[in-house]
Amino acid sequence: MIEEPKPKTLGIYIHIPFCVRKCLYCDFLSAPAGEGEMERYIAALVREIEEESANYKDRMVVSVFLGGGTPSLLPAESITRILDRVHACFHMEEACEISMEVNPGTATLERLIAFQKGGGNRLSIGLQSSVDSELKALGRIHTRQDFIDTYELAVKSGFNNINIDLMSAIPGQTLESCADSLKLVTSLQPPPAHISSYSLIIEEGTPFYENVPELPDEDCEREMYKNTGDFLLSCGYQQYEISNYALPGYQCRHNERYWMREDYAGFGIGAASLIDNVRFSNTKNIDCYCNYYLQEQRSSQAESAPVESIAFAGIKEAEQKLSVQEQMEEFMFLGLRMIHGVSCQAFFRMFGVSIDHMYPGIVDDFCKKGLLERRIEPETGEERIKLTRRGIDVSNVVMAQFLFT
């Protein structure tokens, strides 16, 4: 009996661009908004999901991620409306991972229950720090107690797959206060299934960029990173990506798609997609986006432009067909973020040449320096190349060598 081919898989990202107040370090596409603007955006978002889903009828959705912004600001009925449309318009894997970002103090029991009834099974709570003075320095709107209350509410609502976002190298932070945040998070009952710990990056266009605060030095930042990994390992968490740790079986499936270059479709303003080695993204202009999907300007556009050009010209900002070299770069640059590294066999299957042929001497040179290592998996015989602990400290320098110039 001939087995039918398995459908291609797809991840879905849905962008909710609303927040209570912009944090001082934030360069994400988000801003405060009134109820009317939110309602109009959700109407356009649902329309985009309905229309664009026709392009993915051959796909099986394995992950959905509601990000922002602050999705937990949305009224319960809006959360329900979005998820209902996703389920109605796409083929959904039975075990699909459906995540929502939550900021402490913005989630209500009604919103969490609506998310859960819509199939939601994973929350990502943005704590950043357990120290109130550090939260204030970041421009966060919540306190340590707000976070604890939100976590307890999430557990009460029935969620057992919860991620906590932490941040290191932030203004006023010390090794001791960084450790305090880790101790608080791991002492929660039940403990979170997943912890993300990122270093603060000062991005252009943010208040921090215009007025850079005093930050921990590089040696302190490296010590924070090392201490984080060591402490979480002692608590049973496995590091599977440079900045991500999980209890066994709770790795974030959606984020793994990004690092492994698997297809995902983005919905909402600024949302990016990767489909069959083509990258594209939606406009960042919320009025343009809403006008298009609510058909307020389509009739006038149609008079001056061919129908097939309206969608791309009106709401898409860029389309890039990745060359083979660009695909190789991403394979190495993104794959090396994973703790288990990249597969030499997978690279050859994908591109028909070996890593050592495309990057002569680079891997061996970094291995001699103790920044990369080759490993043969005992169960499969597969050869993998991965960053060492020292290599992770200078990962950007290592990864840059795999970019063609």
Side-chain angles (χ1 to χ4, degrees), residues 163 165-169 178 182 194-201 218-248 250-262 325-351 353-405:
N163 168 65
D165 280 340
L166 293 174
M167 189 176 286
S168 60
C178 182
L182 290 167
H194 190 286
I195 295 172
S196 298
S197 181
Y198 298 91
S199 292
L200 171 66
I201 298 176
E218 288 186 8
D219 289 339
C220 183
E221 182 179 353
R222 287 195 184 96
E223 190 70 13
M224 288 177 180
Y225 182 83
K226 179 181 182 301
N227 291 349
T228 295
D230 291 344
F231 180 78
L232 291 179
L233 178 63
S234 72
C235 295
Y237 291 86
Q238 299 173 350
Q239 184 178 16
Y240 69 101
E241 191 268 347
I242 286 179
S243 301
N244 286 274
Y245 310 79
L247 295 178
Y250 285 96
Q251 294 89 337
C252 179
R253 294 179 66 189
H254 186 81
N255 285 343
E256 283 185 320
R257 296 192 72 84
Y258 295 149
W259 303 316
M260 295 169 67
R261 300 190 66 257
E262 295 177 328
Q325 282 195 349
E326 287 168 333
Q327 293 173 46
M328 291 178 178
E329 289 178 346
E330 290 191 356
F331 183 99
M332 299 301 296
F333 193 91
L334 295 174
L336 284 173
R337 290 192 61 88
M338 305 290 287
I339 296 304
H340 67 251
V342 297
S343 164
C344 295
Q345 284 83 352
F347 188 95
F348 186 84
R349 286 195 301 269
M350 198 170 295
F351 303 115
V353 295
S354 69
I355 292 175
D356 289 319
H357 176 81
M358 291 306 304
Y359 300 99
I362 291 179
V363 174
D364 287 339
D365 183 50
F366 278 130
C367 285
K368 291 176 183 177
K369 294 176 180 177
L371 304 179
L372 286 176
E373 65 176 323
R374 296 180 187 268
R375 174 182 172 85
I376 304 297
E377 295 295 337
E379 294 182 359
T380 63
E382 180 183 50
E383 181 183 11
R384 303 192 73 87
I385 298 168
K386 56 175 285 189
L387 289 166
T388 63
R389 176 59 73 107
R390 284 182 55 208
I392 290 176
D393 287 341
V394 291
S395 58
N396 286 339
V397 174
V398 176
M399 292 173 183
Q401 296 303 306
F402 294 96
L403 302 178
F404 294 100
T405 57

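- Counting only distance, with no hydrogens or angles, the side chain of Glu377 and the backbone of Glu379 share no donor-acceptor pair below 3.5 Å.
- With sequence neighbours left out, Gln345 forms a side chain to side chain contact (heavy atoms under 4.5 Å, CB included) with Ser343, Arg349, Glu382, Glu383.
- For the pair Glu256 and Glu241, the minimum side-chain heavy-atom distance is 4.5 Å or more.
- For His357, the NE2 atom sits in a loose shell: 12 or fewer heavy atoms of surrounding residues, nucleotides or ligands are nearer than 6.0 Å.
- Two residues are said to be in side-chain contact when any heavy atoms from C-beta on lie closer than 4.5 Å; Leu336 and Phe402 meet this criterion.
- No donor-acceptor pair closer than 3.5 Å links the side chain of Tyr258 to the backbone N or O of Leu334.
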Intermediate values then yes/no, side-chain contact (heavy atoms from CB on, under 4.5 Å), Asn244 and Trp259
CA-CA 12 Å; Asn244 286 274; Trp259 303 316; 3.5 Å; yes

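- Residues Phe347 and Val353 have side chains in contact (heavy-atom distance under 4.5 Å, counting atoms from C-beta outward).
- The side chain to side chain contact (heavy atoms under 4.5 Å, CB included) search around Ile242 returns Tyr225, Arg337, Leu387, Ile392, Ser395, Met399, not counting sequence neighbours.
- Between Met332 and Ile355 there is a side-chain heavy-atom pair separated by less than 4.5 Å.
- One side chain, Ser168 or Ser199, offers a donor N or O that lies under 3.5 Å from an acceptor on the other.
- Annotation: side chain of Leu247 is in contact with side chain of Tyr237 (closest heavy-atom distance under 4.5 Å).
- Not counting sequence neighbours, the partners of Arg222 by the salt bridge (charged side-chain N to carboxylate O under 4.0 Å, His left out) test are Glu218, Asp219.
- Using modelled atom types, one side-chain atom of Arg384 and one backbone atom of His340 make a donor-acceptor pair closer than 3.5 Å.
- Salt-bridge check for Lys369 with Asp365: passed, with a basic side-chain N closer than 4.0 Å to an acidic carboxylate O.
- Ring pair Phe404/Tyr359: centre-to-centre distance below 6.0 Å.
- With hydrogens and angles disregarded, a donor-acceptor distance shorter than 3.5 Å links the side chain of Asn163 to the backbone of Ser196.
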